[in-house]
Structures are given as structure tokens and as C-alpha cells.
Amino acid sequence: MKESSNKINKIWKTVLVIPKGKVASYGQIADLAGLPGRARLVGKALALAPKEMQLPWYRVLRSSGQLAFEKGSENAEKQKGLLQQEEVVVLNNRVKLKQFGWQPDLAEMLMGLKY
DNA sequence: GTATTGACTTCAT
DNA sequence: AATGAAGCCAATA
């Protein structure tokens, strides 16, 4: 088993913890996954995620609140749609982190630490 | 072993 | 607010 797969897996697990209706940044996910400074690795992990798997990759965006894709791109539009299904407002390719940014509470932090 | 790449972040214009 | 350079670090080539 490759270690790289381990990290990918860990990242997926962390993404799954993001509550519905909230969003988190790549860096934030990296931190929670125990991989500080690996924001880019998070992006890679999401890219590798098969779409058969139910992964809320669309709840992950840039630290600025912007979607990681260019406005108007296929992925950006899809992400926007999915987010709006989760009651998250997306305007001009970005989300107001002030309003929808995920701030992990104790229970959720424990979930990330328990293994 | 070195070089390139990337669904990122931060700081400086 | 928008744009660009530099920093970053594991995965690939």
C-alpha cells in the first residue's frame, strides 16, 4: 500500500466531515486532516476522487471563498448548483465565508482526531 | 537525484 | 478589488 494513498484517503475522510450548508478551504481541510501546509495535496485528492463516490468536494473552496475553477467552467457551474442545493449562496463565483465558512466545533474536531 | 506540476495561500503592487 | 510574484510541499516524470 502506498503512503500517498493513505493521505488521499485521510483527506477524503476529512472532507466528509464538513457539515451540510457549510464550506471549508483547502488549507483548512489539510489542517484538519493532519497535513498542515498541504492545501495543494487536498486539491489533488479531490481530483482523484471517483465521481461514483459520494464526496462533497464542492464544499471545498479557496481561502478567499472563491471556487477553485474559472467562472463559467463546467466544474464551476456544477459546484455552484450543488452548493445551492445545500442552501449555500454562490454569487459571482464566490461564497461569503463570513456566512457559510465552516468553523469546526468540538464534536467535529474529535471526529478528526479519533483514529 | 533534479525538474516540473498543481482543484493552494499569502504578501505586495 | 484585481493581478502577479513568491512561497509552499508532496506527487510525478
Side-chain angles (χ1 to χ4, degrees):
Chain A
M1 182 63 126
K2 289 203 296 186
E3 307 95 30
S4 54
S5 303
N6 261 340
K7 295 177 192 164
I8 301 299
N9 204 292
K10 180 123 181 168
I11 290 168
W12 285 344
K13 270 195 122 169
T14 305
V15 171
L16 285 167
V17 177
I18 306 174
K20 174 184 167 194
K22 293 293 173 92
V23 297
S25 78
Y26 290 89
Q28 192 177 355
I29 294 302
D31 287 350
L32 290 171
L35 303 165
R38 313 313 191 268
R40 306 185 90 133
L41 188 54
V42 173
K44 191 108 61 164
L46 296 188
L48 288 176
K51 54 176 183 290
E52 287 78 45
M53 157 183 340
Q54 284 197 339
L55 189 70
W57 57 270
Y58 49 85
R59 292 183 189 148
V60 184
L61 19 135
R62 295 194 176 173
S63 60
S64 58
Q66 276 213 310
L67 304 197
F69 302 102
E70 193 186 340
K71 185 185 181 203
S73 70
E74 191 110 8
N75 269 336
E77 289 305 309
K78 187 162 73 174
Q79 181 169 21
K80 176 175 152 188
L82 288 164
L83 282 173
Q84 287 176 155
Q85 279 184 46
E86 309 278 326
E87 308 167 7
V88 176
V89 177
V90 180
L91 284 180
N92 197 14
N93 217 59
R94 62 167 54 181
V95 170
K96 292 188 181 183
L97 292 180
K98 281 281 198 31
Q99 189 170 0
F100 300 105
W102 177 41
Q103 313 179 91
D105 63 27
L106 190 53
E108 288 157 335
M109 298 216 337
L110 288 176
M111 141 105 232
L113 297 174
K114 74 175 179 189
Y115 58 103

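Chain identifiers are assigned alphabetically (A, B, ...) following the order of the sequence lines, protein sequences preceding nucleic acid strands; residue numbering begins at 1 within each chain.
Of all heavy-atom pairs spanning Ala68(A) and Gln79(A), the tightest one is N-OE1, 4.4 Å. Looking at every heavy atom in both residues, Asp31(A) comes nearest to Gly37(A) through OD1-N, 4.0 Å. Here the shortest heavy-atom pairing between Lys22(A) and Trp102(A) reads CB-CB, 3.8 Å. Scanning all heavy atoms of the two residues, the minimum distance from Leu67(A) to Ala76(A) falls at CD1-O, 3.7 Å. Taking both residues in full, the closest heavy atoms of Glu87(A) and Phe100(A) are given as O-CE2, 3.6 Å, listed atom of the first, atom of the second, then distance. Across every non-hydrogen atom of Ile29(A) and Val15(A), the tightest pair is CG2-CG2, 3.9 Å.
When side chains are defined from C-beta on, Leu32(A) does not count as touching Val17(A), because their heavy atoms never get closer than 4.5 Å. Counting only heavy atoms from C-beta outward, the side chains of Leu16(A) and Leu55(A) approach each other to under 4.5 Å.
Between the P atom of dA10(C) and the CD1 atom of Ile29(A) lies a distance of 19 Å, rounded to the nearest Å. Taking atom CD1 on Ile11(A) and atom P on dA7(B), their separation rounds to 13 Å, with Å as the unit. Here the C1' atom of nucleotide dC8(C) and the OH atom of Tyr26(A) are 17 Å apart, to the nearest Å. Rounded to an integer number of Å, the gap from Gln66(A) CD to dA1(C) C1' is 11 Å. Separating the CD1 atom of Ile8(A) from the C1' atom of dT12(C) is a distance of 13 Å, rounded to the nearest angstrom.
Of all the residues in residues 35-63 of chain A, Gly37(A), Arg38(A), Arg40(A), Leu41(A) reach under 4.0 Å from DNA chain C with at least one non-hydrogen atom. Listed in residue order, the members of residues 92-103 of chain A having a heavy atom less than 4.0 Å from DNA chain C come to none.
Contact annotation: Ser25(A) side-chain N/O to dT9(B) OP1/OP2 distance is under 4.0 Å.
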